[in-house]
Amino acid sequence: MLLGLTLSACAARPPQTEPFGEPPPVPATDTLIVAKPDDAAGLDPALVSDSESSQVCRNLFDTLVRHKQDSMQLEPALAVSWDHSRDGRTWTFHLRKGVEFHDGTPFNAQAVVDNYSRQFVPNHPLRFPGSRFPYWSDIWGTSPSVITSIEAQDDSTVVFHLSQVVAPFVENLAMPFFGIASPKALQKYGRDSFKHPVGTGAYRFVEWIPRERIVLEANPDYWDGAPQMKRIEFRPIKDPTSRQLQLEAGKVHLITGVMVENIETLKLNRAVKVITQPGMNVGYLAMNNQKPPFDNPLVRQAICYAIERHEIAKALYHDLAIVAHSHLPPMIWGQARVTPYDYDPARARELLAQAGYPDGFKSELWYMSAARAYYPDPKLMAECLQAMLAEIGIEVDLKVVDWGSYLEQVGKGKHQMALGGWVGDTGDPDNYLYVMLDSNNVDPERGGSNLCLYKNPEVHERLLKAREIVDQEQRAKLYAEAQVLIHQDAPSLPLVHANQNGAHHPNLEGYMLHPTGAMILQYVHWKR
Amino acid sequence: MRRVLLRRVGEIVPVIFGIALLVFLMVRMIPGDPVKIMLGERASPAEVAALRAELGLDQPMPSQFVSYVGQLARGDLGRSIIRNTRVQEDLGRTFPATIELACAAMAIAVVVGIGLGSIAALRRNSWWDALCGSLSLLGVSIPIFWLGLVLLLIFPATLHWFAFSGRTEATFPTPTGFYLIDSLLSGDLSNFVDVLNHLVLPAFTLSTVPLAMIARMTRSALIDVLSQDYIRLARAKGLPPFHIWWKHAVPNAMIPVITVIGLQFGYLLGGAVLTESVFQWPGLGNLIVEAVRQRDYPVVQGGILLVATTFCLVNVVVDLMYAWLDPRVRSES
């Protein structure tokens, strides 16, 4: 608390209402210095699962398909076109010709086969001791993998065989974690290839001094045109105040993770351009549907009516968040029309009385020790909810749980109420609704991702069916139906979708925040 | 002297073994599962079990410990379970950074601390004494992260003096890992200046607490010594005050001060986390804290073991310095 107060006090300047400051000089060379909250964990896209690593990898490696810079739409990358068999279980990708990896190895169908096979074929020669492929097992599973085999039909055609229909198949392949590395380099560096990334991307690797800097240089032979920025340096700067000060002083040129309370003032500073955009995330209040009194839908609905979410978005997020009406962020397709649970304490008390708790009850609310993309300050959020629930007679004790064990404990359902949240990996509704609300993800033994331990067979049927068909219109209908059911059951209360924020030098052009959180630096350049 | 050295080094071995056992147990007792953290939020139970077996975490604790000690004996600290880097490599990079910062901070603390403490003792009850007293009170009570941020705001942000964060922006070969030395070896003075520019603020920030402790300890020890008969004799003989202070008072007052210096040095090794985060200093403190958060057992174990060993060695040096300063200690051994 004291730390937070002092940090924000240090960062906050006297309240400004007029623009101030001057833009720092534009760097003489085409160099961009990016300050991020943390260093990369590794630079082999297949091995990492954190955003700091994947943001760097996105610029070193290409995927078969990728998202456009400004939307969730897909565009060709290393594959120029793709099609699927009638049963949706065989996908054929036609590859771009004449592309080379940074080490001169030609990119071809065999490279794709090698890259992906190493992630699920046991004893594959490119699978090294200690290698784990978190996203592969997350998305496709291992033993058995949904992708059963991959074959190179000819030098520029690659075919994927699937054991079942996976509706978001192509969408999933656009994740930076499925970037393709030079098989020759993987062979050469073996277990240490995470330190020697060789891809086909817009930038080539120069050096990585762990915890100090990662340096990339433009790839002059990039198939999509050589980038204008000649050199990129990523620096980990943990402290948000220091990141901001260095940006204002022109020492760094692009930062991520700006403190929401500073954004208003920062916007007035001519030395900085602030960028903000709704994020693909959701923060929600997870009620344990298997523990009384939260096993009663009336109690859950009462809680939904008791929370004034607009006030939360305003006070805690400085309006840099939107009130969530579903677990599905608004930029994702498959939305349902439902009447939101607007703040109505009288109705909440009425529902509590109906449920047999006219005088309320005592309960516990857990929150995590570390800030998340959707909760800049989990403690403050928990205190707000505590105060609002007190209004309808629910006396809430707060309990902080270390982030390291939070998900496990909440996943096992040890909580009564807990703060939950999710940052999507893809733009597919399955990545949200199935993960957070399907009964397949209730696992009291080991801890599942359904943090409200919600089970509804009707919802389950729709979520499962929607996974197995390719037609988007039909799927959207199923997701909408599932959300109506979920909304009635109110297993948890979606609170907000928080914006993602960043800031950069005012003369930097060509940079946009991407809903997936990807950092695309291919188009950035200095306006001189 | 040699016997002091041998005896003290011999005592270290069981201490380090004890620490290895303690760390091993403590790390495994904190709630939270590294396998869960590594595999993410959606790992299937089968994968969790497979990885647990691969890492040997499904073995009973005693056999885990035996294989850990076996590894240690071979000089192998293992690989980070989160990053897959060799623990030796991680420590080899962060340890020199921490030592460099700690030494710089200690140099500031010793010079300024002994100076302030001496002035306070020699000018006892004057406004000098009051000033030194309040400065050292400020030193121990000022929160380090706050001081660090204020310094950032004043120097690099406003006056454009010194660097914001990191160890250097220059590129040069780093054979020793101590950038001050490496930059000198590179033969380019501008590299050295750049490294120094990065070192000043974190070193100063980190020095405040030990500086204050050293100043207070110097003051009280000197006051004690200055009231001794032999000092009175020296004064009566008409020796110049500086000579009395430097030749007769300081060496005798140094024993408790050196104890404090030794203890504070140990604190600088592991306790520099806040300074390291404010100035993004890639040191050992942050490495260990991060590893604890991620339940990266090999890194936590290796890091703490290294800090503990260094701390023990610092204590040996302190003992040797006692012997060097005080003939009585020498003759006892």
Side-chain angles (χ1 to χ4, degrees), chain A residues 2-3 6-7 9-11 35 38-39 41-42 47 49 129-132 134-135 137-139 141-143 191-192 194-195 207 209-213 215 235-239 241-242 245-246 248-249 251-252 370 401-409 411 422 435 441 443 445-449, chain B residues 30-34 36-48 50-51 54-55 79 81-86 89-90 93-94 97 143 145-146 148-150 152-153 156-158 160 163-169 171 174 276-283 286-287 290 292-295:
Chain A
L2 183 69
L3 179 91
T6 320
L7 287 181
C10 284
D38 212 341
D39 195 11
L47 298 177
S49 60
S131 295
R132 279 172 295 280
Y135 263 84
S137 47
D138 244 19
I139 305 287
T142 44
S143 57
R191 207 173 168 179
D192 284 333
F194 72 96
K195 288 192 280 192
E207 68 167 345
I209 305 176
R211 297 170 192 87
E212 290 184 48
R213 63 186 169 208
V215 182
R235 285 195 202 149
I237 300 174
K238 278 210 168 87
D239 187 84
T241 310
S242 179
L245 286 174
Q246 298 198 41
E248 290 175 301
K251 295 279 176 195
V252 302
V401 177
D402 177 51
W403 177 243
S405 59
Y406 189 81
L407 287 173
E408 186 187 339
Q409 297 200 45
W422 184 252
V435 172
N441 286 317
D443 187 352
E445 285 293 307
R446 297 166 192 272
S449 59
Chain B
I30 3 175
D33 183 347
K36 271 282 165 81
I37 294 176
M38 282 162 72
L39 289 180
E41 300 166 9
R42 278 170 284 166
S44 76
E47 288 161 52
V48 172
L51 181 57
E54 189 188 323
L55 296 173
R79 276 193 183 241
I81 24 189
I82 305 290
R83 288 170 185 249
N84 205 17
T85 47
R86 285 188 189 83
E89 211 174 298
D90 278 336
R93 211 177 266 286
T94 49
F145 60 87
W146 181 83
L149 285 174
V150 168
L152 280 183
L153 214 54
T158 313
H160 304 290
F164 274 99
S165 63
R167 285 181 82 188
T168 183
E169 273 159 42
T171 307
T174 53
E276 285 180 6
S277 3
V278 173
F279 294 98
Q280 197 58 43
W281 193 264
N286 257 328
L287 178 80
E290 196 59 28
V292 170
R293 197 172 295 151
Q294 298 176 319
R295 308 289 184 269

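Just so it is clear, the structure is predicted and the values come from calculations on it, not from any experiment. Every chain is numbered from 1 and lettered A, B, ... according to where its sequence line falls, protein lines coming before strand lines.
The CG atom of Asp38(A) sits 5.5 Å away from the CD atom of Glu290(B) when rounded to the nearest 0.5 Å. Atom CD of residue Glu212(A) and atom CH2 of residue Trp281(B) lie 8.5 Å apart, to the nearest 0.5 angstrom. Here the CZ-CG distance, from Arg211(A) to Asn286(B), works out to 8.5 Å after rounding to the nearest 0.5 Å.
With a 4.5 Å cut-off on non-hydrogen atoms, Glu169(B) touches chain A through its backbone and its side chain both. Heavy atoms closer than 4.5 Å to chain A are found in both the backbone and the side chain of Thr85(B). Residue Thr174(B): no heavy atom, backbone or side chain, is found under 4.5 Å from chain A.
Here the shortest heavy-atom pairing between Lys238(A) and Ser277(B) reads CB-O, 4.5 Å. Between Asp239(A) and Leu149(B) the shortest heavy-atom distance is OD2-CD2, 3.5 Å.
Put simply, of Glu207(A), Arg213(A), Lys251(A), the one with the most heavy-atom pairs under 4.5 Å next to chain B is Arg213(A). Between chain B and the options Glu445(A), Arg235(A), Arg191(A), heavy-atom pairs under 4.5 Å are most frequent for Arg191(A). Of all the listed residues (Thr168(B), Val278(B), Thr171(B)), the one sharing the greatest number of non-hydrogen pairs under 4.5 Å with chain A is Thr171(B).
A side-chain donor-acceptor contact under 3.5 Å links Gln246(A) and Ser165(B).
With sequence neighbours excluded, the residues satisfying side chain to side chain donor-acceptor pair (under 3.5 Å) with Lys195(A) are Glu89(B). Checked against side chain to side chain contact (heavy atoms under 4.5 Å, CB included), Ala370(A) has the following partners two or more places apart in sequence or in another chain: Trp403(A).
A donor-acceptor pair under 3.5 Å links the side-chain atoms of Gln280(B) to the main chain of Pro236(A), judged by distance alone.
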